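In what follows, a single structure is set out as structure tokens and then discussed.
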Amino acid sequence: MPKRKEQTMPEQAVTAQSEDFSRWYNEIVYRADLAAPSPVRGCVIIKPYGYEVWEGIKAGLDRRFKATGHQNAYFPLFIPESYIKREAEHVEGFSPELAVVTHAGGKELEEPLVVRPTSETVIGEAFSDWIQSYRDLPLLINQWANVVRWELRTRPFLRTAEFLWQEGHTAHATHDDAEAETMQMLDIYAEFAHDDAAIPVIKGEKSRLERFAGALRTYTIEAMMRDKRALQSGTSHNLGQNFAKAFDIRYLAESNQQEYCWTTSWGLSTRMVGAVVMAHGDDKGLRLPPVLAPHQVVIVPIYRRDAQRGAVMETVERLRLTLVEAGIRVHVDLREGQSPGFKFNDWEMRGVPLRLEVGPKDVEKDSAVLARRDRLGRAGKSFVPQAGIAAAAEELLAAIQRSLLEDARQFRDEHIQDARSYSELREVIETGDWARAAWAGSDADELQVKEQTGATIRCFPFDAGASSPCVKTGKPAERVALFAKAY
RNA sequence: CGGGGCAUGGCGCAGUCCGGUAGCGCGCACGGUUUGGGUCCGUGAGGUCCCCGGUUCGAAUCCGGGUGCCCCGACCA
């Protein structure tokens with residue numbers, strides 16, 4: 001049967017994840033209307049449906065930033081080239097991927113302007129003006145912005161030449177204050193991923209090789225996608241006094257001594273949209289967590305002939321209002337040309353958590369059908385009285401949010417294994433799983449693992465247990481590293 | 001930067017070897033039929049065949065040059 005379906009409807013089905021995950025991803029991003037190809041190489045157009053997911057992410061983060069005392073501001077897109085060069089490691093890290101403006105107003109510029117790849121430098125320069133005294137600290141700033149990094153191999157949301165993100169930048173009086181801020185923001189990212197995106201993440205510290213250019217320490221949240229590859233989904237950096245020294249960010253302490261500030265930065269990008277797609281999606285398409293879904297409920301009206309239309313639409317409108325009043329984001333599919341069956345499949349592909357079907361039988365029986373995206377077919381359908389629709393929908397949305405998180409957690413835990421020897425490490429990576437292993441290796445050792453297995457150290461997880469001999473060098477190890485193939 | 005491939009309505013492609021009225025599927029518009037798991041029929045709109053030059057009575061097709069894009073090997077939220 002399925003074979004015939006494929007022949008008569010070749011355009012309708014999405015490539016199965018199991019068949020070709022990467023193709024599945026590319027198809028679904030476009031077919032679910034999240035993004036569209038752009039005329040500029042390496043960039044994408046984020047379409048309204050995809051942008052609404054990003055708006056959900058922004059809302060969830062912005063609320064948490066404000067609650068912890070941060071304020072939003074906006075800094076220029078263009079950065080004087082000399083700024084980028086002020087911090088040695090920073091230049092080195094970013095110069096290969098900079099876009100530089102050399103001409104403007106019909107003339108060559110005196111000094112080229114870099115299109116920001118990140119804003120530590122301009123913001124550092126501003127901070128040095130703004131901060132005079134310990135009374136000005138901590139300074140807690142966030143900016144929502146676009147940045148440009150001239151990547152060679154790009155994929156929608158995961159890696160594009162231009163992307164949207166937030167970048168937080170803070171200055172503190174002491175190392176410990178900066179470290180506490182760095183951790184607090186990492187915790188906020190993890191909480192957001194867990195509670196809003198329904199993605200369980202692993203918090204940890206990056207290795208020296210994977211650290212942000214110019215940071216003392218970089219922390220990360222790592223998420224597992226459905227193809228078991230790791231996705232770095234947010235990072236938080238303790239920048240020490242590196243940028244403070246490069247940009248002369250100093251304060252007068254209570255002791256009347258000039259001291260350099262301790263700064264941090266932390267960012268989360270539109271890559272998170274890709275994480276939501278790849279952490280929850282199935283063969284039929286997206287599965288959006290209710291907290292972030294642009295439409296939490298889609299109503300599909302069903303009627304056989306025009307005579308039934310009026311009564312059905314009247315019920316649809318009444319139920320829509322009830323749901324809206326309950327604070328639920330509802331969309332009514334009014335398209336005339338498509339059959340209900342087509343619409344069911346279409347909205348399933350686009351990941352809407354709940355579908356409400358209203359037909360003549362429902363009008364007659366004062367009921368309606370609710371179908372959950374996370375349980376396809378009959379198993380996910382429930383027949384509810386119209387009077388209790390809002391409560392039923394709210395309950396189901398909460399249940400879907402929980403079940404997506406639980407699915408993802410279970411999937412992740414099933415695919416992380418301990419490796420006690422280097423051969424075990426290789427075997428684990430070979431299967432596609434993540435490997436947890438004791439580590440005391442050098443940068444060179446780390447690079448060699450990458451060469452030999454394709455996996456990198458994603459992080460040294462905070463909650464990792466006791467030490468044992470290093471999996472690569474046999475030396476006593478104090479840390480446990482998490483190895484995985486990554487995006 | 002090194003290797004391979006492609007360029008033809010909005011999208012996916014055929015046609016190119018062997019020159020001769022530019023085609024198919026999807027989508028789109030209109031009319032009808034249908035609608036509780038991817039309806040069906042009919043009509044229609046839509047193309048500088050990547051660009052420049054050459055050969056020829058005649059070029060999507062042959063020849064020369066150029067451009068753009070995609071895929072595979074070194075960096076990154």
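What you see is a predicted model; the values in this text were computed from it and never measured. Residue numbers start from 1 in every chain, and the chains themselves are labelled A, B, ... in the order their sequence lines are given, proteins ahead of strands.
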Send over the distance from A:Trp347 CH2 to B:G36 P, rounded to a whole Å. 18 Å
Give each protein N/O atom lying under 3.5 Å from an N/O atom of nucleotides 40-47 of chain B, with the pair distance.
none

Would you state whether a donor and an acceptor, one from the side chain of A:Arg355 and one from the base of B:G37, lie under 3.5 Å apart? yes
Would you say the base of B:G37 and the side-chain of A:Lys381 have a donor-acceptor pair closer than 3.5 Å? yes
Whole Å only: how far is the CZ atom of A:Arg335 from the P atom of B:U39? 12 Å
Let me know the distance between CD of A:Glu27 and P of B:G12, rounded to the nearest Å. 12 Å
Sequence neighbours excluded, the answer for side chain to side chain donor-acceptor pair (under 3.5 Å) partners of A:Arg217 is A:His175, A:Glu179, A:Tyr219
Quick check on RNA chain B: between A:Lys284 and A:Gly42, whose nearest nucleotide comes earlier from the 5' end? A:Lys284
Summary of salt bridge (charged side-chain N to carboxylate O under 4.0 Å, His left out) pairs that have at least one residue in residues 50-60 of chain A, sequence neighbours excluded: none
Separation of B:G38 P from A:Phe344 CZ (nearest whole Å): 9 Å
Generate the contact string for nucleotides 30-35 of chain B. Rules: B means base contact, S means sugar-phosphate contact only, - means no protein heavy atom under 4.0 Å. -----B
With the sugar-phosphate defined as primed atoms, P, OP1 and OP2, and the base as all remaining atoms, what B/S/- string results for nucleotides 71-77 of chain B, 5' to 3', for protein heavy atoms under 4.0 Å? -S-BBBB
Can you find a donor-acceptor N/O pair under 3.5 angstrom joining the side chain of A:Asp362 to the base of B:G36? yes
Which residue pairs pass the salt bridge (charged side-chain N to carboxylate O under 4.0 Å, His left out) test when at least one of the two sits in residues 348-357 of chain A, sequence neighbours left out? A:Lys284-A:Glu348, A:Glu348-A:Arg355, A:Arg355-A:Glu357, A:Glu357-A:Lys381
